[in-house]
Amino acid sequence: MQKKYILEMFPYPSGNIHMGHVRNYVIGDICARYHKLKGDEVIHPMGWDAFGLPAENAAIQFNTHPQDWTLSNIKNMKSQLKKLELDLDWDKELATCKDNYYQYQQELFIDLYEAGLAYKKDAVVNWDPEDQTVLANEQVIDGKGWRTGANVEQKVLSQWFFKITNYAEELLNDLDELELWPEKVKTMQRNWIGKSTGAEIKFKILSQDDQLNIFTTRPDTIYGATFIALSINHRLVSKFVNNKEIDDIKKSFAEIDNEKEKKGYLMNIKCKHPLLDKEIPVYIANFVLDNYGEGAIFGCPAHDERDYDFAKKYNIPIIKVIECEDKDLPFTEDGVVINSPLLNGLKKTEAIQKITNYFEKKKIGNRSINYKLRDWGVSRQRYWGCPIPVIYYEDGTFRVLEKSELPVLLPYDVSLNGKGNALLNQDSWRKILCPKTNKIAFRETDTFDTFVDSSWYYIRFLDNKLDKPFDKKQVNKYLPVDKYIGGIEHAILHLLYSRFFMKALRDIYNLNINEPFKQLFTQGMITHKTYKTVNDEWIMPREVYLNEGKLFREKTNEIVMEGPSEKMSKSKKNVIEPDEILENYGIDATRFFMISDSPPDRELEWTDEGIQGSKNLIRRIDKYFKKSRTDTKHDTNKMIEKFVFNIEKNILNFSLNKCVADIYTLFNYLEKEKIYLQNSDLSKKILVCLYPIIPSMVLNLYMDLFNSKNIEKWPEINKELLIETRINLPIQVQGKLITTINTEKGYIENEILNSIYKLDKVKNKIQNRKVIKVINVQDKIINIIVD
RNA sequence: GCGCCAGUGGCGGAAUGGUAGACGCGCUGGUCUUAGGAACCAGUGGGCAACCGUGGGGGUUCGAGUCCCUCCUGGCGCACCA
């Protein structure tokens, strides 16, 4: 028996499922049911990504407790999922907020710490002022918090980090082996990891016993270096500039739009050019990133756009070291090196090689690889998360707890006021007597980023009752997840963190698994038309009615304007509630529509006509099987074999919209020819194929027709039946279609040509021109070329 | 700016280099009547036609929606990454 681990991204228990969940889980459910019919050992679990801020916010707003709020949401959403009749392994259910999940996460943290993959350091971090917590780099989008949209501030805090950078190279390289991942997601991850190769060059600081390390991808332009620029947070800035000045500079940077304007301050130190007898000025500049390389650059204005802008503004010399016209400056393309004693006449790649070798020989630099990827900051200053199992002593030292001291349970009795971390004020929980040292100690009050929770839940699903995080044998047997289905919004965050976790756990536990998700499928969003009144008020689609070609709002009769179809959102009032749809159209029609109108990886527009069409088809199928059997001369074996073949192929490719087309085609044919199969074996075959898609009605029909609810195995395909013996052969003249003829496969070219030449359409086309060539692609096409 | 993906009827979308538009929605005409959010039948890329049609222009090929070059448009992602 083959194992198939089919997983949909588990939901955050916000209260209600939405149509996006429905689409996601229906796609997964179709796969899971198909594989079960094939006789595979299917794992198809579901759980809850249950820690996180909305619970705290809701608790304050509704005067409840995050735990109560979360658990009641889970209860409600579970009952909604049950209504969708998903074939899930509910005995594997887990919720990350329960101690039988998160205590094992604390164990994993201890493992990571001992393996050197978790560490604590002071760091400049992204602070979300609205959520009052730190965010990882991945969670800051365009300078704003990914959840709140608030402008992120920079703060220095002592934080826990996971050493994801240790795996940068592997995370990058292994993307190549993920053949069943969308190229788009892989590209995004590659960009995020951001590998660049180049050199690190040492610049001596004149009349100081200190030096600068500068990373560059263009060591070939070193002779054109005319300035150095540092980030305001660079080590040497605090060494040579006093705090007041630093603050002033920071303020001046804060006042301008740093993306549009370049600003710099000349420092009173100078560097020596590594190859020339020349002094280079050092600036503090707003455009130097402090978290890339060492936060320092050398500027070669002639061949870099930023450096050029900066040099123009501050009258810094511009020295050409690659041959080009003055008007082309800054010239960033490949060219012949000039003004560079060691490199003149070389092209870019040769020059890079030569100069880097020279640096290494002279010990003034070396080859270097840089990644944009930073270590993952996992501390969050929030109550509703997994406690980090660490204690601090009064002298400022800390100790990571031992596994025997776990679990560190989250206290229930806290007072939440929305200001800061509630755990900080819980001295009864926070303050302990350390059993090892008998000293007073304080628990870590930061909790884990919830992305830590979701980085290993697919492992815990394998056995949610185990008294350790997971069982090695089971992991080796059942991972990776064969099909992982979810939204593309997790392309970087969750999917990169999970890949890191899998690799880290592999190394710690000596597992055989390199990648957590063998195949990734990203389903598209569901969109719906939006409507607004002339006063810019969003209104619900169901309030709108059409009269004489114009749209009006019910009750008020205001004129309504139709907007574009957009992602369903409460603020735009274009949301469709799953519960309502299930009630009005039924489970099968709802499932059907989820796969009908678009390929699953593209947007699906919600339309009333669409869901109604699905319902009509359901009714039609039902009626079809209830018609009494007719004797017929038709041989439907071939037709149905083809149907089985197509459905199988299309389920395996996630081309579920084509399954819908296959179903229509089949029933169109059967009804047109009035072939009613009722309780025959052929009916059985059809129903088995329909079962993954519309299980509810298939079960009922199966019961009616065969007096059983045991759906048979997926039919073996008889390949001989798929072979067509007659074909419609297209006939072309000069590559253009003239006609088609119906003929036996395996015709003899000369024979068939004789009859083709007699066809009026062909004769008219050829007239008395000479046939110079005939291209016969056997059983495919015949193309006659005349002069 | 860089990267990725896409552009096919009124709309959603099908097409291993070999009959473009499967299938659905919508629309048109008709049938039926238990007047329905129903069902059934016929039609539906453009053009009177020869023919023309897959964003535009080139190319490869007997043959291009599909491959190559180039441009345009749209979406997504990244973005002062040294």
Side-chain angles (χ1 to χ4, degrees), chain A residues 141-142 182-192 194-196 198-201 214-219 221 225 228-229 231 258-262 285-289 291-300 303-307 309-310 332 370-373 488-489 491-492 565 584-585 592-593 596-599 601-605 607-617 619-620 623 646 655 657-668 671-672 727-741 772-777 779-786:
Chain A
I141 293 147
D142 291 334
E183 207 50 52
K184 186 177 178 171
V185 175
K186 290 195 277 185
T187 307
M188 283 166 73
Q189 292 212 354
R190 281 190 194 104
N191 290 343
W192 186 261
K195 179 180 182 175
S196 40
E200 197 174 74
I201 304 172
I214 293 180
F215 175 75
T216 178
T217 55
R218 294 295 304 274
T221 63
I228 281 170
S231 135
N258 289 290
E259 281 179 27
K260 292 208 177 103
E261 197 182 332
K262 292 204 167 30
N286 65 339
F287 67 93
V288 181
L289 304 169
N291 54 7
Y292 190 78
E294 301 261 314
I297 63 156
F298 76 74
C300 175
H303 306 293
D304 183 286
E305 281 175 38
R306 290 163 323 203
D307 298 349
D309 292 347
F310 192 76
T332 55
N370 225 302
Y371 299 93
K372 209 176 81 175
L373 183 71
I488 198 163
E489 65 273 19
I492 292 179
S565 203
N584 291 337
Y585 295 95
F592 226 127
F593 181 58
S596 285
D597 279 9
S598 316
D601 56 350
R602 285 200 218 166
E603 277 181 8
L604 171 69
E605 182 172 3
T607 59
D608 292 343
E609 293 83 1
I611 181 74
Q612 185 57 43
S614 294
K615 190 174 182 180
N616 293 344
L617 178 62
R619 186 156 36 197
R620 209 176 126 190
K623 269 165 72 180
N646 284 336
S655 303
N657 55 320
K658 286 191 242 168
C659 287
V660 174
D662 295 333
I663 293 167
Y664 274 108
T665 308
L666 177 73
F667 284 98
N668 286 350
E671 286 180 334
K672 190 181 168 101
I727 45 160
N728 280 326
L729 186 71
I731 309 301
Q732 296 183 332
V733 174
Q734 307 294 65
K736 293 202 172 182
L737 181 76
I738 303 305
T739 186
T740 64
I741 53 172
I772 40 179
K773 198 173 175 187
V774 173
I775 287 139
N776 172 38
V777 183
D779 298 337
K780 277 271 168 69
I781 200 164
I782 286 180
N783 188 6
I784 299 163
I785 312 300
V786 296

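Not measured: the values here are computed from a predicted model. Per chain, numbering begins at 1; letters A, B, ... match sequence-line order.
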Describe the nucleic acid contact of A:V288 in one word from base, sugar-phosphate, nothing, applying a heavy-atom distance below 4.0 Å.
base

Sub-3.5 Å donor-acceptor pair from the side chain of A:D307 to the main-chain atoms of A:C300, do we have one?
yes

At less than 4.0 Å, is any side-chain N or O atom of A:R602 found next to OP1 or OP2 of B:G12? Yes or no.
no

What's the closest nucleotide to the A:K658 side chain, out of B:A15, B:A82, B:G3?
B:A15

So what does A:Y292 hit on the nucleic acid, given a heavy-atom distance under 4.0 Å: a base, only sugar-phosphate, or nothing?
base

Determine the Euclidean distance between corresponding C1' atoms of B:G57 and B:U73; express it in Å to zero decimal places.
15 Å

Describe the nucleic acid contact of A:F310 in one word from base, sugar-phosphate, nothing, applying a heavy-atom distance below 4.0 Å.
nothing

Can you confirm if the NZ or CZ of A:K262 lies within 45° of the ring axis of A:F287 and under 6.0 Å from the centre of its six-membered ring?
yes

Taking A:N783's backbone N and O only, do any of them form a donor-acceptor pair with A:K773's side chain (distance below 3.5 Å, no angle check)?
no

Is the backbone of A:N728 close enough, under 3.5 Å, to the side chain of A:T740 for a donor and an acceptor to pair up by distance?
no

What's the closest nucleotide to the side chain of A:T217 if the choices are B:U16, B:A79, B:A82?
B:A82

CD-CZ distance between A:E183 and A:R190, expressed to the nearest 0.5 angstrom
5.5 Å

Can you tell me how far C1' in B:A20 sits from the matching atom in B:U54, rounded to whole Å?
7 Å

B:G77, syn or anti by chi within 90 degrees of zero:
anti

Please work out if A:D307 contacts a base, only the sugar-phosphate, or nothing of the nucleic acid, heavy-atom cut-off 4.0 Å.
nothing

Of all heavy-atom pairs between A:F215 and A:S196, which one has the smallest distance, and what is that distance?
CZ-O, 3.5 Å

Selection from B:A79, B:G26, B:U16 that lies nearest to any side-chain heavy atom of A:E609
B:G26

Span that lies between the C1' atom of B:C23 and that of B:U8, in whole angstrom
15 Å

Above 12 or not: heavy atoms from other molecules or residues under 6.0 Å from CD of A:E305?
no

Secondary-structure stems for RNA chain B, with pairs counted as Watson-Crick or G-U when both distances are under 3.5 Å and runs at least 3 long:
B:1-7 with B:72-78, B:10-12 with B:23-25, B:26-31 with B:39-44, B:55-59 with B:67-71

Using whole Å, what does the distance between atom C1' of nucleotide B:G18 and atom CD1 of A:I741 come to?
15 Å

So which nucleotide from B:A82, B:G12, B:U19 ends up closest to the side chain of A:I297?
B:A82

Counting C-beta onward and ignoring hydrogens, is there a side-chain heavy-atom pair between A:K372 and A:K195 closer than 4.5 Å?
no

For B:A15 and B:A22, measure between their P atoms and round to the nearest Å.
12 Å

Under 3.5 Å between N/O atoms: give me all the protein pairs with nucleotides 49-52 of chain B, atom names plus distance.
unit_1	atom_1	unit_2	atom_2	d
B:C51	OP1	A:K765	NZ	3.3

Of the nucleotides B:A82, B:U16, B:C23, which has the atom closest to the A:L289 side chain?
B:A82

Ignoring backbone atoms, establish whether A:T739 has a side-chain N or O less than 4.0 Å from OP1 or OP2 of B:U19.
no

If I pick the P atom on B:C81 and the same atom on B:C76, what distance separates them, to the nearest angstrom?
23 Å

By the 4.0 Å heavy-atom rule, please label A:N728 as base, sugar-phosphate, or nothing.
base

Describe the nucleic acid contact of A:E183 in one word from base, sugar-phosphate, nothing, applying a heavy-atom distance below 4.0 Å.
nothing

Mapping A:T607 and A:K372 onto RNA chain B by nearest heavy atom, which one lands closer to the 5' end?
A:T607

Just checking A:S596: base, sugar-phosphate only, or nothing, at a heavy-atom cut-off of under 4.0 Å?
nothing

It should be established whether A:N616 places a side-chain nitrogen or oxygen under 4.0 Å from OP1 or OP2 of nucleotide B:G36.
no

A:Y664: side chain to side chain donor-acceptor pair (under 3.5 Å) partners, not counting sequence neighbours:
none

Same-atom distance (P) from B:G7 to B:A14, integer angstrom
9 Å

Which atom names give the shortest non-hydrogen contact between A:Q612 and A:Y585, and what distance separates them?
OE1-CE2, 3.4 Å

Using the C1' atom on both, measure B:U44 against B:G9 and round to a whole Å.
10 Å

Below the 4.0 Å mark, does B:C23 have OP1 or OP2 next to a side-chain nitrogen or oxygen of A:N657?
no

Sorted by chain and residue number, the side chain to side chain donor-acceptor pair (under 3.5 Å) partners of A:R602 (sequence neighbours excluded) come out as none

Could you tell me which non-hydrogen atom of A:I297 sits nearest to which non-hydrogen atom of A:V288, and how far apart they are?
CG1-CG2, 4.1 Å

With A:D608 via side chain to side chain donor-acceptor pair (under 3.5 Å) - residues at least two apart
none

Would you say B:C81 has OP1 or OP2 under 4.0 Å from some side-chain N or O of A:R306?
yes

Say we look at B:G74 and B:G55: how far apart would their C1' atoms be, to the nearest angstrom?
11 Å

Short side-chain N/O contact from A:K672 to OP1 or OP2 of B:A42, under 4.0 Å
yes

Using the 3.5 Å cut-off, write out each protein N or O paired with an N or O of nucleotides 61-67 of chain B and the distance between them.
unit_1	atom_1	unit_2	atom_2	d
B:C62	O2'	A:N783	ND2	3.2
B:C62	O2	A:N783	ND2	2.5

5′-ward residue of the pair A:I492/A:E305 relative to RNA chain B:
A:E305

Distance check, rounded to the nearest 0.5 Å: A:I785 atom CD1 versus A:Q734 atom CD?
5.5 Å

Sugar-phosphate only, base, or nothing, as touched by A:P182 at under 4.0 Å among non-hydrogen atoms:
nothing

